[in-house]
Amino acid sequence: MRYITFALAKGRLAQKSMEMFEQIGISCEEMKDKNSRKLIFTNEELGCRFFLAKANDVPTYVEYGAADVGIVGKDTILEEGRRLYEVLDLGIGKCRMCVCGPASAAELLQHHELIRVATKYPDIAKDYFYNKKHQTVEIIKLNGSIELAPIVGLSEVIVDIVETGATLKENGLTVLEEVCPLSARMIVNQVSMKRENERISQIIRDMRALVLSRQEGQQQQ
Ligand code: PRP
């Protein structure tokens with residue numbers, strides 16, 4: 001039996017998605033050993049392999065077929081623009097992509113001023129300002145702590161992920177516009193979807209049923 005290989009975005013998402021995989025009977029004991037330096041973990045019985053990768057690299061592994069299935073945030077899928085199938089919203093890692101800044105910047109957005117936008121997501125920002133808002137802006141790519149940019153005068157606004165809003169609040173910034181909602185998605189390589197259709201479709205069906213039952217559980221609370 002050929003292995004089905006899963007690429008998971010490192011961090012909280014990987015842990016949460018492994019918990020979900022376990023609930024549909026796909027577990028990996030090897031992965032639970034926190035001291036292990038291994039990069040790839042196997043469940044021989046199920047014919048599955050798992051590896052952790054930087055979020056930005058997960059769509060790359062999936063597009064090239066080095067992984068059949070990937071779990072990664074919608075933000076990364078949009079930004080990377082890879083050829084792959086996005087098959088399921090896992091309903092975890094929910095947050096929003098937003099335009100943020102000091103409240104005073106709202107006016108600059110309203111009047112379509114030529115402003116500078118700092119972001120880790122230049123393609124998402126470009127698509128939003130150019131194609132949706134038809135506003136010309138200067139996009140500045142940063143790699144982290146994006147909230148710093150308007151504070152130190154690098155840009156007027158930022159395009160960034162907002163989860164609880166605590167980072168913005170503590171830095172005197174606010175959400176000015178919402179770009180799109182985000183959450184973790186399951187992605188599948190286009191060839192694997194055909195070649196391993198039976199096994200992958202079963203995984204998608206089981207995962208979809210789990211997501212639905214979790215949503216129903218949440219609504220009842
Ligand atoms: C993300 C994001 C915000 C923060 C939002 O940063 O870029 O800074 O989380 O979360 P909150 O709304 O709950 O405060 P991350 O911690 O991933 O690190 P980064 O700044 O290096 O991108």
Side-chain angles (χ1 to χ4, degrees), residues 6-20 31 34 39 50-62 67 70-82 86 89-106 108-109 115-130 132-133 135 137-187 214-215 218 221:
F6 296 80
L8 311 177
K10 261 185 203 168
R12 262 184 304 172
L13 220 52
Q15 180 148 5
K16 282 189 181 174
S17 49
M18 272 321 285
E19 285 165 17
M20 292 179 78
M31 246 179 136
K34 295 272 181 279
L39 294 172
F50 297 85
F51 66 85
L52 302 175
K54 271 213 140 192
N56 288 2
D57 295 335
V58 170
T60 312
Y61 283 109
V62 172
I71 304 292
V72 70
K74 178 72 178 173
D75 50 321
T76 309
I77 298 171
L78 289 171
E79 187 61 27
E80 291 296 312
R82 296 276 173 186
E86 182 188 322
D89 182 344
L90 297 184
I92 54 174
K94 284 188 187 171
C95 50
R96 302 180 291 156
M97 185 65 74
C98 297
V99 180
C100 311
S104 59
L108 304 172
L109 290 170
I115 50 171
R116 284 182 297 187
V117 180
T119 185
K120 210 157 64 168
Y121 303 91
D123 279 4
I124 294 177
K126 231 178 268 170
D127 180 59
Y128 179 71
F129 279 101
Y130 291 7
K132 295 211 181 88
K133 287 201 52 155
Q135 178 172 2
V137 295
E138 186 183 341
I139 304 216
I140 302 172
K141 162 95 200 264
L142 288 179
N143 296 298
S145 304
I146 315 297
E147 290 83 357
L148 257 178
I151 299 172
V152 298
L154 176 65
S155 69
E156 281 77 21
V157 298
I158 60 173
V159 167
D160 199 19
I161 291 174
V162 179
E163 194 181 347
T164 62
T167 313
L168 290 178
K169 201 169 170 205
E170 282 188 33
N171 292 289
L173 304 173
T174 180
V175 171
L176 300 168
E177 291 174 2
E178 181 172 321
V179 177
C180 61
L182 302 169
S183 56
R185 307 293 159 98
M186 184 184 287
I187 55 177
R214 284 164 67 122
Q215 278 168 356
Q218 277 165 7
Q221 273 172 16

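First listed ligand is number 1; within each ligand, the first listed atom is number 1. Any value given below was found using the heavy atoms of this structure, including those in side chains, with hydrogens, waters and symmetry copies removed.
Using a cut-off of 4.0 Å between Lys/Arg side-chain N and Asp/Glu carboxylate O, Glu86 and Lys74 are scored as salt-bridged.
For a threshold of 3.5 Å applied to N or O pairs, the pair formed by Gly165 and ligand 1 contains at least one separation below that value. Checked against a 3.5 angstrom limit, the closest N/O atoms of Glu163 and ligand 1 fall inside it.
Applying the 4.0 Å criterion to heavy atoms of Val162 picks out, from ligand 1, the atoms 12 (O). Close approach of ligand 1 to Thr164 is summarised as follows: ligand atoms under 4.0 Å from at least one heavy atom of the residue are 11 (P), 12 (O), 13 (O), 14 (O). In summary, the atoms of ligand 1 found under 4.0 Å from a heavy atom of Lys120, numbered by their order in the structure, are 19 (P), 22 (O). Proximity to Glu147 (heavy-atom distance under 4.0 Å) selects the following atoms of ligand 1: 3 (C), 8 (O).
At the shortest separation from atom 4 (C) of ligand 1 among protein heavy atoms lies Thr167 OG1, 3.8 Å. Nearest protein heavy-atom neighbour of atom 5 (C) of ligand 1: Ile161 O, 3.4 Å. What sits closest to atom 19 (P) of ligand 1 on the protein, heavy atoms only, is Ser145 N, 3.7 Å. Residue, atom and distance of the protein heavy atom nearest to atom 7 (O) of ligand 1 are Asp160 OD2, 2.8 Å.
For atom 2 (C) of ligand 1, the nearest protein heavy atom is under 4.0 Å away. There is no protein heavy atom less than 4.0 angstrom from atom 16 (O) of ligand 1. Protein heavy atoms come within 4.0 Å of atom 21 (O) of ligand 1.
Across all non-hydrogen atoms, the minimal contact from Leu154 to Ile140 is O-CD1, 3.6 Å.
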message: Does Ile71 form a side-chain contact (heavy atoms from CB on, under 4.5 Å) with Val58? I'd like the steps, not just the answer.
response: CA-CA 7 Å; Ile71 304 292; Val58 170; over 6 Å; no
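Other residues, nucleotides and ligands contribute more than 12 heavy atoms inside 6.0 Å of the OH atom of Tyr121. Residue Glu178 places its CD atom among more than 12 non-hydrogen atoms of other residues, nucleotides or ligands, all under 6.0 Å distant. Surrounding NZ of Lys54 are at most 12 heavy atoms belonging to other residues, nucleotides or ligands under 6.0 Å away.
Note on ring orientation: taking the six-membered ring where Trp is involved, the planes of Phe50 and Phe6 are parallel (angle under 30°, cut-offs 30° and 60°).
With contacts defined as side-chain heavy-atom distances shorter than 4.5 Å, the pair Leu173/Pro102 qualifies. Looking at Arg185 and Asp89, their side chains come closer than 4.5 Å, going by heavy atoms from C-beta outward.
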